[in-house]
Amino acid sequence: MSETLKDKGEVDASKRTWLIATGCAGTVGGVAAAIPFVSNFQPSEKAKAAGAAVEVDIAGLKPGEKLTVEWRGKPVWIIKRTPEQLESLKKTESQLADPESKRNPSELTPEYARNQYRSIKEDVLVAVGICSHLGCSPTDKFQSGAQPSLPDDWLGGFLCPCHGSTFDMAGRVFKNKPAPDNLEVPPHMYLSDSKLLIGEDKKA
């Protein structure tokens, strides 16, 4: 009887040793498997670049011209407005859905751009070229006057060809259009008179 118990005790001890060894091996294996899994969640260089601020030299931008850069996968327009285009902003206000950019201001219009020009400098508009309706990209319609899909008293701006939304030269949407909001003004700041930083506005 005593020998049987002794043998059983030895078997139990051996089983415990095997279970502990197996458990330790499993734990080590689990940690080893977890390391590459976690590393896959580290942001890639491409992902970092996609959210990085973009520096733009606008020294060569002439009145009436537009420059497009990419920031976070979005087209960002930089437009040097002419005196006539700036004057048109005063004439369109009564026709606009949100002339003072009060809708979703924190998302679409930084505080320093909540003015008639929607810009830091009156003549330079910086806006994301994506319609607030379904994400189409509006086309330039800077020329004033009657044109297809535009009113006879058109003063210049942008037309979304997908569903007909129109925006003035400050990216403000006209009334009774599918687009619910003005074009987004991204965070931006001037590094100098001729250099813009798109994506950061710490000094603005």
Side-chain angles (χ1 to χ4, degrees), residues 53-72 74-133 137-147 150-160 165-175 177 179-204:
V54 179
E55 188 174 317
V56 188
D57 188 341
I58 61 170
L61 196 62
K62 298 177 181 178
E65 291 184 343
K66 181 181 85 171
L67 175 66
T68 302
V69 297
E70 184 178 342
W71 172 68
R72 292 188 175 179
K74 304 175 183 179
V76 175
W77 299 337
I78 304 166
I79 301 163
K80 183 91 175 222
R81 293 176 288 203
T82 65
E84 292 77 19
Q85 289 170 338
L86 291 173
E87 187 64 25
S88 74
L89 299 180
K90 301 174 184 177
K91 301 174 182 178
T92 58
E93 289 201 340
S94 63
Q95 306 170 46
L96 304 173
D98 184 21
E100 297 180 3
S101 300
K102 290 183 176 179
R103 295 183 189 172
N104 304 317
S106 59
E107 295 177 23
L108 299 173
T109 312
E111 187 175 353
Y112 46 82
R114 292 176 207 161
N115 51 55
Q116 186 180 58
Y117 308 100
R118 297 190 81 225
S119 60
I120 298 173
K121 294 185 178 182
E122 291 183 2
D123 59 335
V124 180
L125 173 67
V126 180
V128 176
I130 297 177
C131 180
S132 57
H133 180 217
S137 186
T139 56
D140 304 345
K141 295 293 180 180
F142 295 167
Q143 183 180 344
S144 59
Q147 299 165 59
L150 293 170
D152 292 345
D153 60 349
W154 180 249
L155 294 174
F158 311 92
L159 166 68
C160 185
S165 293
T166 49
F167 305 83
D168 73 354
M169 287 302 301
R172 300 177 296 181
V173 68
F174 283 82
K175 292 177 181 177
K177 299 294 180 179
D181 293 303
N182 298 334
L183 297 180
E184 176 187 356
V185 174
H188 65 282
M189 56 189 273
Y190 284 86
L191 300 176
S192 68
D193 287 340
S194 61
K195 285 193 178 180
L196 266 171
L197 189 65
I198 313 294
E200 286 185 19
D201 55 4
K202 295 176 183 176
K203 296 180 181 179

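The structure displayed is predicted, hence computed values, not measured ones. Computed from heavy atoms alone, side chains included, the values below leave out hydrogens, waters and symmetry copies.
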What are the two closest non-hydrogen atoms of [X] and [Y], and how far apart are they?
| X | Y | value |
| --- | --- | --- |
| Pro180 | Arg103 | O-NH1, 2.6 Å |
| Val54 | Glu70 | CG2-O, 3.4 Å |
| Pro187 | Trp71 | CD-CH2, 3.8 Å |
| Ser132 | Ala179 | OG-CB, 3.5 Å |
| Ser137 | Gly129 | OG-O, 3.0 Å |

Stepwise side-chain contact (heavy atoms from CB on, under 4.5 Å) test for Val126 and Val76: CA-CA 7 Å; Val126 180; Val76 175; 3.8 Å; yes
Let me confirm one number: the [atom1]-[atom2] distance from [X] to [Y], rounded to the nearest 0.5 Å.
| X | Y | atom1 | atom2 | result |
| --- | --- | --- | --- | --- |
| Asp152 | Ser144 | CG | OG | 12.0 Å |
| Glu55 | Ser192 | CD | OG | 8.0 Å |
| Leu89 | Met169 | CG | CE | 7.5 Å |
| Leu197 | Lys202 | CG | NZ | 9.5 Å |
| Leu155 | Glu84 | CG | CD | 12.0 Å |
| Phe167 | Leu183 | CZ | CG | 4.5 Å |

Between [X] (side chain only) and [Y] (backbone N and O only), is there a donor and an acceptor less than 3.5 Å apart?
| X | Y | result |
| --- | --- | --- |
| Gln147 | Gly145 | yes |
| His133 | Cys131 | no |
| Tyr112 | Met189 | no |
| Asn182 | Val173 | yes |
| Arg172 | Asp181 | no |

Is the closest side-chain heavy-atom distance between [X] and [Y] below 4.5 Å?
| X | Y | result |
| --- | --- | --- |
| Ile58 | Tyr190 | yes |
| Asp140 | Lys66 | yes |
| Leu159 | Pro138 | no |
| Val185 | Pro110 | yes |
| Lys62 | Lys80 | no |
| Thr166 | Leu150 | yes |
| Ile130 | Pro75 | yes |
| Leu61 | Ile78 | yes |

side-chain hydrogen bond (donor to acceptor under 3.5 Å, both in side chains) pairs, two or more places apart, involving residues 115-131: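 Every pair satisfying side-chain hydrogen bond (donor to acceptor under 3.5 Å, both in side chains) with a residue in residues 115-131: Arg81-Ser119, Glu93-Gln116, Ser101-Arg118, Thr109-Arg118.
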Lys175 and Gln95: CA distance, side-chain angles, deciding distance, side-chain contact (heavy atoms from CB on, under 4.5 Å) verdict: CA-CA 6 Å; Lys175 292 177 181 177; Gln95 306 170 46; 5.7 Å; no
Worked verdict on Leu191 versus Leu196 for side-chain contact (heavy atoms from CB on, under 4.5 Å): CA-CA 6 Å; Leu191 300 176; Leu196 266 171; over 6 Å; no
Candidate pair Val56 and Ile198, rule side-chain contact (heavy atoms from CB on, under 4.5 Å), full reasoning: CA-CA 8 Å; Val56 188; Ile198 313 294; 4.0 Å; yes
Salt bridge present between Arg114 and Glu100 (N-O < 4.0 angstrom):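 Answer for the salt bridge query: no.
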Non-neighbouring partners of Asp98 that pass side chain to side chain donor-acceptor pair (under 3.5 Å), sequence neighbours left out: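 Asp98 satisfies side chain to side chain donor-acceptor pair (under 3.5 Å) with no residue once adjacent residues are dropped.
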Whether Phe158 and Phe142 hold their rings parallel, tilted or perpendicular, with breakpoints at 30° and 60°: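 Phe158 and Phe142: perpendicular rings.
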